[in-house]
Structure formats: structure tokens, C-alpha cells
Amino acid sequence: MSDVHIVVLAAGKGTRMKSARPKVLHRVAGTPMIDRVLATAAALRPGTTVVVVGHQADVLRRSLDGTPGLTFVVQEPQLGTAHALLTAEKALDGATGTLVLLSGDAPLLSLRTLQQLVDRHASTGAAATVITAVVDNPHGYGRIVRSGERIARIVEERDASPAERQLHEINSGIYAFALDGLFDAVRGIAAENAQREYYLPDLVGLYRERGLGVETVTVTNPDEVRGINSRAELAETSRILRDRKNAALMAAGVTLEDPATTYVDDQVEIGADTILHPNVSIAGRTTIGGGCEIHSGVRIVDSQIDDGATVLDHCVIAQSTLEAGTTVGPFAHLRAGSHVQRRAKVGNFVELKNTTLGAGSKSMHLAYLGDATIGEAVNIGAGTITCNYDGVKKNPTVIADGAFIGSDSQLIAPVTIGKGAYVGSGTTVRENVPDGALAVSAGKQRNIEGWTAKRKKK
Ligand code: UD1
Ligand code: CA
């Protein structure tokens, strides 16, 4: 069992977000901030991970359901960060060693810095170690007050004197503590401050007065300890992560025509010589091969795009696969379970859902293809609709290799169009079409000579 234990504070209301959602569930570059904090925490392989929840505790707990190894404690009411830590005492019963305290609203902390904190804390044998940063704009953060070289105490913005407000070294809200004697000491913190809250940073002054060792680790990149309290800070922090991801993509050989408007989530992988045009969003667990071209206004979520695929402007692609050499768009919508096989083409105003479009097949204009299995070298004419829903359930359509579906046809599922079969334009297909057959359902055309002239006379 590891002798490092983690407590993550996430009970606060996040008043400054002005949100009905718990603050820590707001997404930073596509991922809830608490998920980022917990991922970094897990990499430390702690013995225990306690999450302190409070405001909207149920929503938060539910959203963390899938994260293994968490113990939740509820802080109600929320009386400050020191009070929050005390609510974790029971959950840590009997734990010895080091407690690392993380803030659910500081998602940029790197594992390297966290490891540095733990190492420094261990090697100095301090009672507490604080991560600090020297920042240009310290507004809103607790300031590190030093006496000589050593940290003396931390003072919150609201309680700081004008001189203290000039200090640029800030408290990250991330600490390591020796568990021995910690909770007794935290109980000694009073709420004597502007907010009438129990401030955990007060522990530093308290320890120093008692002659206990308090150390600091100052990060070289102050972005790492950014706390998010407002929507503006949420956007700034997302920007930092986006820029980082974009830089990594470019270093790996991906062309970003306009990095400022390129939004690629962390886990996304993109091969070399792929070009991303402006205003592209690529989210979730998406993989894009090499030599692809993704044009403007495209959003791709949880999808796989193989080498040499082209996605033209303004497509939405979710939970779908595009095989090598395919072309999709402009203005196509590929919904969950769409699979466009080698060199197949999907054109404008085409919607696919749970549909396979076989190798070399084409659906170039205005179509809805849902729950369909379409073979190779099939041509789907403009305005083709699979009527897959009968009002009760979804039904499948099968279109075999080499079939030709004339424009403006409705295929009433369940239905099968045989190999090499033809469906005449404007046909409503209600029954299976055998291999090689032609299906027509429209009546015979009648021309009434001179009709226009007669009408005009009236
Ligand atoms: C806190 C620190 C400040 C530091 C800053 C870094 C205190 C008093 N101040 O200020 O020195 O510079 O973080 O970002 O600690 N929380 C609870 N229960 C509570 C109150 C807060 O769980 O009763 C949680 C919040 O959900 C949040 C974290 O603790 O995740 C920090 O609280 P917040 O109110 O954001 O503190 P800051 O004002 O940012
Ligand atoms: Ca904060």
C-alpha cells in the first residue's frame, strides 16, 4: 500500500461561475476539470483518493461513477477549505504517511510537479509543503508571505494589506502534509477572516508559529497552478491546453492552417501530412490517419478516419468510421455507426445513421440512409430515402453490390435490393427486388398536348 493519500476538494459552490452545474464538471478543452485532476492524481498511485463533494453532490458523484478507486465524503455546509479537509478525516482513518491535497478547480497541474511536491516533502521531512508560483497577475489568489527565505504564512486577497497585495508569489492551493497530527492542527484553525470561513492556508502560519517545517515548491510554469473560478478563467485555461495540443500536432507533422481556430481534444491522434483547415473541432476518442484533409467548419467526435480521407466543409461526424481514400461532404451528417468503406463517396446534404456504405459506392446528393447495409459499387441517386422507421421500430435495408437506386426513391424497410438490381426514379419500394431486376412503381406518364396555351386563355 502506498503511503501517499490524496484528498481532492470539490465541494464549493463555484459562485463566480454563475452556473447550475458543479464548477468542477465544467469542461476544460473538452474534459471536465475534475477528470483532469483525478487522472493526474491516479498517476501518483495513491493508497487512498478521497473526493470531498458538497454543492450538487449527487450530480458530481454520478458523473464520477465510472472512475475507479474513489471514496466520496460529503461536506455540508461548506465552511471553507480547512473544514473541507476535516470531512475527509474518517475516510483516511488509520492512514499514515503523506496527504496530498488537490483542488478540483486546478486542472493544469502536471504529474511532474506533483511528483516534485511529494519528493520535496519526503526529503525535507516537512510538516507541510506548498506549491507556489510567481505570477504577473496575482489577483484573487492567496499570497505567500515570507520572512527572509522561509514561508511565514499565506494571506488571502480579501484579508491582505495593500503591501501584501503587491506580492506576486501565490498559493496554488495544492499541498503535501504529514498525516501525523494533521487533523488536530486543522481543527485549530479559526474562521477569523473577511469570509468567516475556515481557511486551510492558515495552517502554514500555524505550523510556522509552532516551529514546524514548512517548505515550498515553486513551479517554473505558473500556468500549471491556475485555479478556475470564472468563465473567463475557464476559457483562458482551455486556450492553454488547446495551444499545447496544437503545438504537439504541428511538431508531429500535421498542418494547422489556423491554430487559433483549431480545437483538438487531448486524446485525439492525427497522422503526419494531414491538413486541418480553419474552424475545425475534433473531439473525444478520435483517430485520424495521415494525408487526410479536413476542411472548414467540420466537427468530428469519437470517430476513426483512415489515411487519405477528405472531409469537405461543414460536416458533422460522430461515432463513425471513414476508411482510406473516402470523401465526405460538404454538409454531410454521419451519425453513430456510419461506416464509409474504401474510396466510397458521400456528397452534400446526405445523412447516414448506423449504415455501411460499401467500397467505391456513392451517395452524392440529398439522401437519408439509416440502418442500411450497402454493398460495393452501389449508386444511390439524389433524394433517396430509407424509410427505416415504421412508427414503432427501426427496420433494416440491404442494398447488394452493384445496385442502382434511381433518384427520389423511397425504400420502405425492411427491404432488400438484390445484386445489380435497378430501382427506377421515383419508385416507392415496398417489396424486395430480386438480383438483376428493375423495380418501378410510378404510373405510366401521360402528356396532354397544348395544355399550357389552353390554361393561359382561361
Ligand atoms: C484557494 C486558496 C487560495 C489559493 C487558491 C488557488 C483558500 C482559503 N484559499 O482560494 O489561497 O490561492 O485556492 O486556486 O483555501 N472547497 C470545498 N469546500 C469549501 C470551500 C472550497 O471543497 O468549503 C473547494 C472548492 O470546490 C475548490 C477548492 O476547494 O475546488 C478551492 O476553493 P475556492 O473557493 O475556489 O478557493 P479560492 O478562493 O480559489
Ligand atoms: Ca479556486
Side-chain angles (χ1 to χ4, degrees), residues 6-17 19 21-26 28 32-38 41 50-57 59-61 64 72-88 101-109 128 130-135 137-145 151 153-160 164-165 167-175 177 186 189-206 216 218-219 222-234 236-237:
I6 289 180
V7 171
V8 181
L9 300 191
K13 186 161 185 291
T15 313
R16 290 161 280 183
M17 292 295 284
S19 174
R21 293 167 60 70
K23 176 170 81 172
V24 296
L25 287 184
H26 283 267
V28 174
M33 54 180 111
I34 183 100
D35 290 9
R36 294 182 179 277
V37 174
L38 291 172
V50 181
V51 183
V52 181
V53 298
H55 181 70
Q56 301 232 337
V59 181
L60 187 49
R61 267 171 106 140
L64 293 175
F72 292 94
V73 299
V74 179
Q75 182 201 17
E76 191 58 61
Q78 294 97 43
L79 302 178
T81 44
H83 177 252
L85 175 54
L86 280 180
T87 61
L101 188 113
L102 301 176
S103 198
D105 68 351
L108 297 193
L109 181 75
V130 186
I131 297 182
T132 77
V134 177
V135 298
N137 176 14
H139 182 79
Y141 290 98
R143 308 295 206 284
I144 305 293
V145 181
I151 183 169
R153 58 195 177 86
I154 298 173
V155 61
E156 292 304 301
E157 168 101 16
R158 293 172 197 247
D159 306 301
E164 286 165 342
R165 282 188 196 172
L167 296 169
H168 283 251
E169 189 182 8
I170 58 124
N171 171 26
S172 66
I174 298 156
Y175 323 80
F177 298 114
V186 174
I189 293 173
E192 284 156 10
N193 50 59
Q195 295 205 98
R196 319 300 316 157
E197 280 187 7
Y198 297 90
Y199 287 170
L200 187 57
D202 285 358
L203 193 64
V204 170
L206 206 140
T216 54
T218 304
V219 290
D223 280 341
E224 271 200 47
V225 302
R226 266 172 184 267
I228 298 174
N229 300 307
S230 64
R231 306 272 180 169
E233 287 165 356
L234 185 69
E236 285 167 18
T237 309

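Each ligand, and each atom within it, is numbered from 1 in the order the structure gives. Please read all numbers here as calculations on a predicted model, not as lab measurements. For the numbers below, each heavy atom of this structure counts, side chains included, while hydrogens, waters and symmetry mates do not.
Remark: the backbone N or O of Thr218 is not paired with any side-chain donor or acceptor of Thr216 at under 3.5 angstrom. Side-chain atoms of His168 come within 3.5 Å of backbone N or O of Val135 as a donor-acceptor pair. The backbone N or O of Ala194 lies less than 3.5 Å from a partner atom in the side chain of Asp159, making a donor-acceptor pair. The main-chain N or O of Glu157 is found under 3.5 Å from a side-chain atom of Arg165 such that the two form a donor-acceptor pair. In this structure, Lys23 contributes its side chain and Met33 its backbone to no donor-acceptor pair below 3.5 Å. Side-chain N or O atoms of Arg143 include none that pairs as donor or acceptor with a backbone N or O of Val155 at under 3.5 Å.
Taking a 4.0 Å cut-off on heavy atoms, Lys23 registers as neighbouring ligand 1. No heavy atom of Ala106 sits closer than 4.0 Å to any atom of ligand 1. Residue contacts with ligand 1 do not include Ile170, since none of its heavy atoms lies under 4.0 Å from the ligand. Under the 4.0 angstrom criterion for non-hydrogen atoms, His83 is not in contact with ligand 1. At least one heavy atom of Ser172 sits closer than 4.0 Å to an atom of ligand 1. Between Glu233 and ligand 1 there is no heavy-atom distance shorter than 4.0 Å.
Taking atom 23 (O) of ligand 1 as the reference point, the nearest protein heavy-atom neighbour is Gly80 N, 2.8 Å. With hydrogens left out, the protein atom closest to atom 22 (O) of ligand 1 is Ala11 N, 2.9 Å, a heavy atom. Protein heavy atom in closest approach to atom 26 (O) of ligand 1: Gly12 N, 2.8 Å. For atom 15 (O) of ligand 1, the closest heavy atom belonging to the protein is Thr81 OG1, 2.7 Å. Of the protein's heavy atoms, Asn229 OD1, 3.6 Å lies nearest to atom 39 (O) of ligand 1. The protein heavy-atom contact nearest to atom 8 (C) of ligand 1 is Tyr199 CD2, 3.3 Å. Taking atom 28 (C) of ligand 1 as the reference point, the nearest protein heavy-atom neighbour is Ser103 OG, 3.2 Å.
On a distance-only criterion, Leu9 and ligand 1 share at least one N/O pair closer than 3.5 Å. At a 3.5 angstrom cut-off on N or O pairs, Ile154 does not count as close to ligand 1. Ligand 1 has no nitrogen or oxygen under 3.5 angstrom from a nitrogen or oxygen of Val225. Considering backbone and side-chain N/O of Asn171, one or more are found under 3.5 Å from N/O of ligand 1. Taking distance alone, with nitrogen or oxygen atoms compared against 3.5 Å, Tyr141 stays at or beyond that limit from ligand 1. Residue Glu197 has no nitrogen or oxygen atom sitting less than 3.5 Å from a nitrogen or oxygen atom of ligand 1, judged on distance alone. Looking at Gly173 next to ligand 1, no N or O pair under 3.5 Å apart turns up.
By the criterion of a separation under 3.0 Å, the protein N/O/S atoms near the Ca ion (ligand 2) amount to Asp105 OD2, Asn229 OD1.
When heavy-atom distances to ligand 1 are checked against a 4.0 Å cut-off, Glu157 has no atom that comes that close, whether in backbone or side chain.
With distances taken over non-hydrogen atoms, the option nearest atom 33 (P) of ligand 1 out of Arg16, Arg158, Met33, Arg143 is Arg16. Nearest to atom 9 (N) of ligand 1 by heavy-atom distance, out of Glu156, Gln75, Glu76, His55, is Glu156.
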> Given Thr87 and Val74, is the side-chain contact (heavy atoms from CB on, under 4.5 Å) satisfied, shown in steps?
Replying inline: CA-CA 7 Å; Thr87 61; Val74 179; over 6 Å; no
> Run the side-chain contact (heavy atoms from CB on, under 4.5 Å) check on Ile189 and Leu203 step by step: do they pass?
Replying inline: CA-CA 7 Å; Ile189 293 173; Leu203 193 64; 4.0 Å; yes
> Given the rule in the side-chain contact (heavy atoms from CB on, under 4.5 Å) test, do Tyr141 and Val225 qualify, once you have shown the distances and angles that lead to the verdict?
Replying inline: CA-CA 11 Å; Tyr141 290 98; Val225 302; 5.8 Å; no
>> If you apply the rule side-chain contact (heavy atoms from CB on, under 4.5 Å), what do you find for Phe177 with Leu200, and how did you get there?
In response: CA-CA 11 Å; Phe177 298 114; Leu200 187 57; 4.1 Å; yes
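Tyr198 and Asp202 form no side-chain donor-acceptor contact under 3.5 Å, judged by distance and modelled atom types alone.
Under the 4.0 Å distance rule, the nearest protein heavy atom to atom 36 (O) of ligand 1 falls outside the cut-off. For atom 17 (C) of ligand 1, the nearest protein heavy atom lies closer than 4.0 Å.
Near Gly104, with a cut-off below 4.0 Å to any heavy atom, the atoms of ligand 1 are 30 (O). Each of the atoms 23 (O) of ligand 1 lies under 4.0 Å from some heavy atom of Leu79. Heavy-atom proximity to Gly142, at under 4.0 Å, picks out these atoms of ligand 1: 3 (C), 4 (C), 11 (O), 12 (O). Each of the following atoms of ligand 1 lies closer than 4.0 Å to a heavy atom of Ala84: 17 (C), 18 (N), 22 (O).
Remark: Ala84 pairs with Leu9, Val52, Gln75 by the side chain to side chain contact (heavy atoms under 4.5 Å, CB included) rule, at least two apart or across chains.
For the atom pair CZ (Arg226) and CG (Leu234), the distance works out to 11.5 Å, reported to the nearest 0.5 Å. Expressed to the nearest 0.5 Å, how far CD1 of Ile170 lies from CD1 of Ile154 amounts to 10.0 Å. Taking CG from Asn229 and OG1 from Thr15, the interatomic distance works out to 9.5 Å, rounded to the nearest 0.5 Å. Atom CG of Asp105 is separated from atom CE of Met17 by 9.5 Å, given to the nearest 0.5 angstrom. One finds the CZ atom of Arg36 at 12.0 Å from the CG atom of Leu38 (value rounded to the nearest 0.5 Å). To the nearest 0.5 Å, the span separating CD on Gln195 from CG on Asn193 amounts to 7.0 Å.
Closest non-hydrogen pair, Glu156 versus Gly142, comes out as OE2-CA, 3.8 Å.
Other residues, nucleotides and ligands contribute only 12 or fewer heavy atoms inside 6.0 Å of the CZ atom of Arg158.
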